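Read the structure below first, then the notes.
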Amino acid sequence: MSILIVSGTGTDIGKTVATAALAACATGSVAVVKPIQTGVREGEPGDLAEVTRLTGITEVHEFRRYPEPLSPHHAARDSGLPELTDGEAVLRIVDLANQFDNVIVEGAGGLLVPYDNDTRWTLVDLAHELEAPVMVVTAPGLGTLNHTTLTVERLHEESLELAGIMLGSWPREPDLAMRYGIVDIRRLCGRSELAGVLPAGMSAMRDFTEQARAALAPEWGGTFDWQAFRAAQQI
């Protein structure tokens with residue numbers, strides 16, 4: 001049983017593409033979970049539809065959906081629809097983990113976003129209960145080092161395993177702050193390389209799986225070479 005939680009330093013930083021890339025390169029059977037989808041109405045395609053489009057994986061599971069583009073607890077309250085408890089989320093994810101070799105869980109927003117209004121459980125609680133490592137997706141650019149460091153430090157404080165750090169969208173022409181910042185982000189991993197650096201616009205590329213392999217480190221089924229990347233970026 002292998003469960004991986006994908007979180008981020010915020011919203012709109014490439015978590016869904018990162019989740020799809022990890023799923024595309026995983027060995028064995030894969031199920032992808034989005035515990036709560038917000039900002040999407042019934043019948044509209046959400047993040048899991050994008051994962052299926054990019055990877056062809058159809059074992060995708062969404063537990064709750066709320067129409068307003070808010071944090072899960074506010075979106076649930078605004079909608080008046082039933083909330084998702086951490087107990088239900090854990091049971092359903094464990095059930096999937098007993099059926100599939102890999103279960104990848106994409107969170108909403110950042111690590112500490114509340115998922116309900118009663119217990120205000122977060123991905124930290126879910127990771128503890130599932131005993132699952134957390135992949136942190138972050139963005140390049142000025143200011144990202146602070147957000148990434150705070151997220152990684154919270155994982156360490158909680159004695160949770162950091163699976164790795166991924167750059168969710170690396171531009172074709174990065175600026176100076178991005179090129180210097182990625183070196184500091186890599187040091188936060190506590191290992192010799194990042195888990196991956198995904199190119200900007202990756203979701204529009206026809207050869208998504210091939211691009212995913214090139215962007216992920218060998219540990220995650222890819223061929224990404226940190227030293228070669230660093231040399232190419234002239235860092």
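Remember, it's a predicted structure, so these values are computed and weren't measured experimentally. Only this structure's heavy atoms are used, side chains among them; waters, hydrogens and symmetry mates stay out. Residue numbers run from 1 in the order of the sequence given.
With Trp121 contributing its side chain and Leu84 its backbone, the two residues share a donor-acceptor pair below 3.5 Å. With Thr55 contributing its side chain and Ala24 its backbone, the two residues share no donor-acceptor pair below 3.5 Å. Checked by atom type and distance alone, the side chain of Asn102 pairs as donor or acceptor with a backbone atom of Thr27 at under 3.5 Å. Distance alone, capped at 3.5 Å, places no donor-acceptor pair between the Thr11 side chain and the Gly109 backbone.
The CG atom of Asp118 sits 9.5 Å away from atom CG of Asp86, with the distance rounded to the nearest 0.5 Å. The structure places CZ of Arg206 at 13.0 Å from CD of Gln211, a figure rounded to the nearest 0.5 Å. Rounding to the nearest 0.5 Å gives a distance of 11.0 Å between CG of Asp12 and OG of Ser169. How far CD1 of Ile5 is from CD of Glu161: 11.0 Å, rounded to the nearest 0.5 Å. Separation of atoms CH2 (Trp226) and CZ (Arg186) is listed at 6.0 Å; rounding is to 0.5 Å. Put simply, CD on Glu42 and CD on Glu44 are 9.0 Å apart, with the number rounded to the nearest 0.5 Å.
Contact detail for Pro72 and Thr38: the closest heavy-atom pair is CA-CG2, 4.0 Å. Closest non-hydrogen pair, Trp170 versus Met178, comes out as CH2-O, 3.5 Å. Residue Tyr66 comes nearest to Leu81 through the heavy atom pair CE2-CB, 3.8 Å, listed as atom of the first residue, atom of the second, then distance. Here the closest non-hydrogen pair linking Thr122 and Leu112 is CG2-O, 3.6 Å. Of all heavy-atom pairs between Ala76 and Ser79, the closest is O-OG, 2.9 Å. Considering all non-hydrogen atoms of both residues, Ile93 and Phe63 come closest at CG1-CE1, 3.9 Å.
Under a cut-off of 6.0 angstrom, the local environment of CG in Asn117 is crowded, with over 12 non-hydrogen atoms contributed by other residues, nucleotides or ligands. Around CZ of Arg77, the count of heavy atoms belonging to other residues, nucleotides or ligands within 6.0 Å does not exceed 12. For NE2 of His74, the number of neighbouring non-hydrogen atoms (other residues, nucleotides, ligands) closer than 6.0 Å is 12 at most.
At a threshold of 4.5 Å between non-hydrogen side-chain atoms, the residues Asp101 and Ser2 do not count as touching. The shortest side-chain heavy-atom distance between Trp220 and Met135 falls under the 4.5 Å cut-off. Within the 4.5 Å cutoff, no side-chain heavy atoms of Thr85 are placed close to those of Thr119. The closest side-chain heavy-atom distance from Glu62 to Val60 is not below 4.5 Å. Side-chain contact between Leu167 and Thr138 is present, with heavy atoms from C-beta onward closer than 4.5 Å. Side-chain contact between Arg53 and Pro45: absent, with no pair of heavy atoms (C-beta onward) separated by less than 4.5 Å.
Both Met205 and Leu54 belong to a common hydrophobic cluster when Ile, Leu, Val, Met, Phe, Trp and Tyr are linked at side-chain heavy-atom distances under 4.5 angstrom. The hydrophobic clustering, which links ILVMFWY residues whose side-chain heavy atoms are closer than 4.5 Å, places Val124 and Val94 together. Hydrophobic cluster membership differs between Leu150 and Leu162, with clusters built from Ile, Leu, Val, Met, Phe, Trp and Tyr side chains linked at under 4.5 angstrom. Cluster membership check: Val183 shares its hydrophobic cluster with Ile165, using side-chain heavy-atom separations under 4.5 Å among Ile, Leu, Val, Met, Phe, Trp and Tyr. Taking hydrophobic clusters as Ile, Leu, Val, Met, Phe, Trp and Tyr residues chained together by side-chain heavy-atom distances below 4.5 Å, Val105 does not share a cluster with Val113.
Of the residues Thr144, Leu145, Val197, the one that meets the side chain to side chain contact (heavy atoms under 4.5 Å, CB included) test with Ile182 is Val197. Arg64 pairs in a side-chain hydrogen bond (donor to acceptor under 3.5 Å, both in side chains) with only one of the listed residues (Glu83, Glu88, Gln37), which is Glu88. Of the candidates Leu123, Leu155, Leu111, Leu160 forms a side chain to side chain contact (heavy atoms under 4.5 Å, CB included) with just one, namely Leu155.
Between the side chains of Thr151 and Thr9, not a single donor N or O lies within less than 3.5 Å of an accepting N or O.
Ion pairing between a basic and an acidic side chain is recognised when a charged N comes within 4.0 Å of a carboxylate O; Lys34 and Glu50 show no such pairing. Using a 4.0 Å cut-off between charged nitrogen and carboxylate oxygen, Arg92 and Asp95 do not count as a salt-bridge pair.
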Could you walk me through whether Arg41 and Glu68 pass the side-chain contact (heavy atoms from CB on, under 4.5 Å) test, one step at a time?
CA-CA 8 Å; Arg41 298 184 180 278; Glu68 294 300 326; 3.9 Å; yes
